[in-house]
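The sequence lines fix the lettering, A, B, ..., with proteins before strands; numbering per chain opens at 1.
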Amino acid sequence: MSEKKVIQSVKGTREFYPTEMALRNFIYSRAREASELFGFQEWDGPFLETIDLYAAKSGDELVKEQAFVFPDRGGDLITLRPELTPTLARMVAQKQNELTYPLRWWSFGPFWRYERPQRGRSREFFQWNVDMMGVNSPEADAELIAVAANFLRLCGLKPDQTVILINNRKLMDQQFAELEITPENRLAVSNAVDRRNKMESDKWDQYVIDLGLTEVQLNGLKKLLADYDLWKTSDELVRLFAALKDMGVGEYVRFDPNIMRGLLYYTGTVFEAFDTSGSVKRAIFGGGRYDNLLKEVGGDPLSGVGFAMGDVVVGIILKELGLITDQTSLPAKVMVTIFDAGSYGVSAKIATNLRNEGINVILYPEPAKLQKQFKFADKMGIKSVVVVGPDEISQGNVTLKNLTDMTQSTISESELVSVLLKSLK
RNA sequence: GAGGCUGUAGCUCAAAGGCAGAGCGCCACACUGUGGAUGUGGAUGUUGAGGGUUCGAAACCGUCCAGCCUCCCCA
């Protein structure tokens, strides 16, 4: 440790020690549970893709600036996948007429983006993707939001700790039209809306004026963005919020006209989730309806709705709120000690019997002072320790110590399994 | 890609040009059949890397690397 220099990991990559792995698995298991509650099927695509797949969305900064691209030995440009949606579009397009719709798919896997690592953002991350394709209705949109809300609930995040903000691109487009904002200008205005909470108020006003809007339009826009009842004028949103209520997640959602989302392909409902403490300003997840995705990869038009969630932001929030109740990193609840070299065989057989009953057991790997073995058990969080010394062996007994309440009792070896099964329940 | 802050023991940090330290953790013993407590003792560093200035650098200067924050973008 003192002389050799440890070679650094690649910048922005993740190292999952058992504690971090438990967090990742916690997120993965909750994502799976939420997905499966709604009948979604798990799928995955390649981690490597050609750059052409992403080039279909030309002009996309995601690919040009933020993708890991390198030549393979044949000189072709290979990309570490920065997102899943193009892969989804291709895989659906390839079997478009064989698949059964509405199609409900979910996926959880690694992605890479070459950006500056900072809080909530790394170059390597895991992302949960959930999509429904082949149906276009506010109720379908509501189902996706309900999956996401159920994930929050399963993680122990309460409605007062997180909120899913919802808007609709069509509604905003119509409002922009009423303000007589030209169609060419609407994208830039959308981006301005996205950036509004990052800029000072008067600077933002000037920014919007610089885009070519009049004072009247600016004031109309500001009034629009403050109108939290605007959703009542949209049939789609009225139906969406009704469905969300019926699906039991009304507490988690709120209309917010300021949610636009940068991605160009969203055409209707859009949504993003945040933690209300504001400790992490980034969205926990985001998604929306896209109606024209398959055309770009050669398929027939097929509408869909989906969202994606990275593991980094939600991981920070779960850690901060102390919600990691999972004991995934607990290796075993039972440890069998080795009293001395001569009794190793007895201990090993006891451990084997317990394992045959499906109990996870650590057998101390060598004779050592009991003190040392107990200390190890304590540090590993093991609940029960079995001691098999000369006194026990001569009587056919074992001593079982409960490290949680410090009690211990000597019982016959034949009782051990049933006593342990009972206490571990 | 742009701007700012930071980097000292495993961790959190002190030492403000003059002997590299503390707390916690770790290891051993007290305790040869029992963990967390207590006591005693012990180990640990190319001060992120490599240069420069200086009699002398953890400190000052520039370079590189890494982390954090803001912007860009986004999960």
Whole-Å gap separating [atom2] ([N]) and [atom1] ([X]):
{"X": "A:R119", "N": "B:rC69", "atom1": "CZ", "atom2": "P", "value": "6 Å"}
{"X": "A:K369", "N": "B:rC27", "atom1": "NZ", "atom2": "C1'", "value": "12 Å"}
{"X": "A:D391", "N": "B:rU34", "atom1": "CG", "atom2": "C1'", "value": "13 Å"}
{"X": "A:Y54", "N": "B:rC74", "atom1": "OH", "atom2": "C1'", "value": "15 Å"}
{"X": "A:Q371", "N": "B:rG33", "atom1": "CD", "atom2": "P", "value": "12 Å"}
{"X": "A:K372", "N": "B:rC26", "atom1": "NZ", "atom2": "P", "value": "14 Å"}

May I ask you to verify whether the side chain of [X] and the base of [N] hold a donor-acceptor pair under 3.5 Å?
{"X": "A:R121", "N": "B:rC74", "value": "yes"}
{"X": "A:Q66", "N": "B:rA75", "value": "no"}
{"X": "A:K401", "N": "B:rG35", "value": "yes"}
{"X": "A:Q408", "N": "B:rU34", "value": "yes"}
{"X": "A:R282", "N": "B:rA75", "value": "no"}

Which of these, A:N168, A:D173, A:D291, A:N136, sits in a side-chain hydrogen bond (donor to acceptor under 3.5 Å, both in side chains) with A:T267?
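Testing A:T267 for a side-chain hydrogen bond (donor to acceptor under 3.5 Å, both in side chains) against A:N168, A:D173, A:D291, A:N136 leaves exactly one candidate, A:D291.
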Have a look at A:S122 and say if it touches a base, only the backbone sugar-phosphate, or nothing, with a 4.0 Å heavy-atom cut-off.
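Base: the residue A:S122, judged by heavy atoms under 4.0 Å, touches a nucleobase.
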Indicate, with a heavy-atom threshold strictly under 4.0 Å, whether A:P117 touches base, sugar-phosphate, or nothing.
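Sugar-phosphate, no base atom in range.
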With sequence neighbours excluded, give me every ring pair (Phe, Tyr, Trp, His ring centres under 6.0 Å) pair touching residues 359-412 of chain A.
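Qualifying pairs, neighbours excluded: A:Y364-A:F376.
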On RNA chain B, compare the nucleotides closest to A:V387 and A:A283; which residue's is nearer the 5' end?
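It is A:V387 whose nearest nucleotide is closer to the 5' end.
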Can you tell whether the side chains of A:R90 and A:D52 come within less than 4.0 Å, N to carboxylate O?
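Looking at A:D52 together with A:R90, the answer is no, because their closest N to O distance does not fall below 4.0 Å.
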Partners of A:E115 by salt bridge (charged side-chain N to carboxylate O under 4.0 Å, His left out), sequence neighbours excluded?
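With neighbours one apart ignored, the set is empty.
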Ring of A:F126, cation from A:R14 - is the NZ or CZ under 6.0 Å from the centre and inside 45° of the axis?
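Verdict for A:F126: no cation-pi partner in A:R14.
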